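Worksheet: one structure, shown below.
Keep in mind the model is a prediction, meaning the values are calculated, not measured. Atoms considered below: every heavy atom in the structure, side chains included; atoms not considered: hydrogens, waters and symmetry mates.
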Amino acid sequence: CFAPIPRGMIHPWVMRRMLVFAVLAVAALLAAAALRARDAPFIAYERGDVGAALAGLTARAEAGDGFAAYLVARTYHSGAAGTVDLRAAAGWYLSAGRAGEIRGVAPYLAIVLGLSPNDDICRALLTLLEFAARAGDPEALALLGQAYQTGQCVTLDLRRAASYYTAARHVDRRLDSLLESVRPYL
């Protein structure tokens, strides 16, 4: 049934397995190289090489990547690219929020409120914050509470502020202190 294999020769089924292994190894190396190229901006950002990361992150953000937009916004917000540019940061935070990156919503609100928001900006902010709040983001809940407590972008409503602060507290217990300022309205 089995013929003896001459010395120095490799059995055909061993040869096939070695060939399959070699093909799989080459495919894995090519896939790893493609992933490394795709993730290069993120890797550069994590290593602190903002100059190398910014162009790649910007391209990814313009293509609709919310996390890349968030990182670009953080770069402009912190001044890591050279100087602080709050208008650029707000624009990228808004792009991140629109792409579903909830972390972009709260900083966007903070920046824009500091830049004297107009009605259009307020509507956009409230829409994004309410979206994030429905998703359970404690920062968004707290910022909505603050907006209603201070009357920024909305009509002053301390009961509604208390409601948002309570919801934020249920998500993150560290936000207990927010309730003290509106406790009479609970």
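Using a 4.5 Å heavy-atom threshold, the side chains of Thr58 and Trp92 count as touching. The side-chain heavy atoms of Phe67 and Leu71, taken from C-beta on, include a pair separated by under 4.5 Å.
For Ala140 against Ala133, the heavy-atom pair with the smallest separation is CB-N, 3.8 Å. Pairing each heavy atom of Tyr165 with each of Ala142, the nearest pair is CE2-O, 3.3 Å. For the pair Ala99 and Gly66, the tightest heavy-atom approach, listed with the atom from each and the gap, is CB-CA, 3.5 Å. Taking both residues in full, the closest heavy atoms of Ala68 and Arg60 are given as CB-CB, 3.7 Å, listed atom of the first, atom of the second, then distance. Between Ala168 and Pro138, the shortest heavy-atom distance links the atoms CB-O, 3.8 Å. When every heavy atom of Ala53 is checked against every heavy atom of Tyr45, the shortest pair comes out as CB-N, 3.5 Å.
Here CG of Leu144 is found 8.0 Å from CZ of Arg160. Values are rounded to the nearest 0.5 Å. Of the inter-residue distances, the one linking Thr75 atom OG1 with Tyr70 atom OH reads 10.5 Å to the nearest 0.5 angstrom. How far CG of Leu141 is from OG of Ser163: 9.0 Å, rounded to the nearest 0.5 Å.
Remark: side-chain polar atoms of Ser78 are paired, donor with acceptor, to backbone N or O of Arg74 under 3.5 angstrom. No donor-acceptor pair closer than 3.5 Å links the side chain of Thr83 to the backbone N or O of Gly79.
A chain of hydrophobic side-chain contacts below 4.5 Å, direct or via other Ile, Leu, Val, Met, Phe, Trp or Tyr residues, connects Leu143 to Leu126.
Between the side chains of Tyr164 and Gln149, no donor N or O sits under 3.5 Å from an acceptor N or O.
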